[in-house]
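Please read the structure below before turning to the comments.
For ligands, and for the atoms within them, numbers begin at 1 and follow the listed sequence.
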Amino acid sequence: MSASDTSQIAPDAVPRDTILIGGGGHAHVVADVLSALGRPVRGFVAPSCKTVLEGVDWLGSDAVLDDITPGSADLALGVGSTGDASLRRELYRKFKAHGHGLPVLIHPTASLASSVRLGDAAQVLLGAAIQAGAVIGVNAIINTGAIVDHDCRIGDHAHVAPGAVLCGDVTLGDGAHVGAGARVIQGLSIGAGALVAAGAVVVADVPDNGRVAGVPAKDMNRETAS
Ligand SMILES: CC(C)(COP(=O)(O)OP(=O)(O)OC[C@H]1O[C@@H](n2cnc3c(N)ncnc32)[C@H](O)[C@@H]1OP(=O)(O)O)[C@@H](O)C(=O)NCCC(=O)NCCS
């Protein structure tokens, strides 16, 4: 992500209608953020109307977006990721290519230092905390109660899961996932596409596409092979 892809927190513009993409658990959470921000939700799109989104109308499959003029409504990605960010990345790129806007969403209970920079479509969820100098990538998720401490750099489409803690100056590569309740000590680098399992304590760098678990975290592939 280049510096031009990020912005410091600006006052909310007048909220437009938002269409939610997806009807599962992450969509439920994003619907709540939209409600907390007072953003009207026109409905959600998903392959079927089987959903937990009470009170939000099902508009049909993604195909209905072909009839939505970009700019007449914002989109919000309600598709999360757990260790594989490819669908979330693909959807973001597709909708941007069609000219749709996906605004940054910050739950009102999240706490962000004033110097934090956020990429397009980044989502900061209930009770998350982001400290001074942190840069959050395009379409990244900082999930419920996660802590991203000072000067961390979170890659595009990366996900810091609920309750995870990144100590200061951690780099998280594009599409990486730090699992629920995991901890990463200061100054480390987690590679692009890497997965840190839930509850892990990471004490050494993780390479691109690496998978680590445990306390202290070890290479899951090596553990399986031995
Ligand atoms: C790491 C993870 C992806 C593994 O999932 P998986 O590939 O389906 O793996 P399995 O459940 O088949 O387990 C494989 C092995 O890893 C172990 N394992 C799985 N998750 C583990 C974890 N978090 N910590 C330590 N060991 C773990 C299992 O015990 C099993 O060991 P065994 O082969 O000795 O029995 C998953 O457990 C995880 O932590 N996901 C992140 C969850 C998360 O962040 N959710 C947030 C959603 S918003």
Test side chain to side chain donor-acceptor pair (under 3.5 Å) on H157 and D174 and set out the steps.
CA-CA 6 Å; H157 319 289; D174 290 351; over 6 Å; no
Examine V178 against ligand 1 and note whether any of their N/O atoms are separated by less than 3.5 Å.
no
Salt bridge (charged side-chain N to carboxylate O under 4.0 Å, His left out) evaluation trace for R153 with D169:
CA-CA 7 Å; R153 293 158 298 277; D169 205 22; 3.1 Å; yes
V160: which of V184, I136, I142 passes side chain to side chain contact (heavy atoms under 4.5 Å, CB included)
I142
What part of P162, side chain from CB on, backbone N/CA/C/O, both or neither, has a heavy atom under 4.0 Å from ligand 1?
side chain
Any residue meeting salt bridge (Lys or Arg N to Asp or Glu O under 4.0 Å) with R183, in chain and number order, not counting sequence neighbours:
none
In ligand 1, which numbered atoms sit nearer than 4.0 Å to a non-hydrogen atom of A161?
44 (O), 46 (C)
Please give me the minimum heavy-atom distance between G23 and A46, naming the atom from each residue.
N-CB, 4.0 Å
Mark up the atoms of ligand 1 that fall under 4.0 Å of a heavy atom belonging to R211, in ascending order.
7 (O)
Taking all heavy atoms of Q123 and all of H26, pick out the closest pair and write down the distance.
OE1-NE2, 2.8 Å
Of M220, K218, H26, which has the heavy atom at the shortest distance from atom 16 (O) of ligand 1?
M220
For ligand 1, indicate whether the residue H177 contacts it via side chain, backbone, both or neither (heavy-atom separation under 4.0 Å).
side chain
Validation row: V64, I19 side chains within 4.5 angstrom (heavy atoms):
no
Under a 4.0 angstrom heavy-atom cut-off, which atoms of ligand 1 come close to L195?
1 (C), 3 (C)
Going by heavy atoms in the side chains, are V202 and V170 under 4.5 Å from each other?
no
Report yes if T82 has an N/O atom closer than 3.5 Å to an N/O atom of ligand 1; otherwise report no.
no
If you measure every N or O of A198 against every N or O of ligand 1, does any of those distances drop under 3.5 Å?
yes
Using a strict cut-off of 4.0 Å, indicate which atoms of ligand 1 neighbour a heavy atom of A213.
24 (N), 25 (C)
At under 4.0 Å between heavy atoms, is it the side chain or the backbone of A197 that contacts ligand 1, or both, or neither?
both
So for ligand 1, is H159 a polar contact partner (N or O within less than 3.5 Å, distance only)?
no
Subset of ligand 1 atoms that lie under 4.0 Å from at least one heavy atom of N143
48 (S)
Determine, using heavy atoms of A180 and all atoms of ligand 1, whether some pair is separated by less than 4.0 Å.
yes
Ligand-side contact atoms (ligand 1) for residue partner G179, heavy atom cut-off under 4.0 Å:
44 (O)
Side chain S115, main chain G133, donor-acceptor under 3.5 Å
yes
Quick check: do V30 and L77 have side-chain heavy atoms less than 4.5 Å from each other?
no
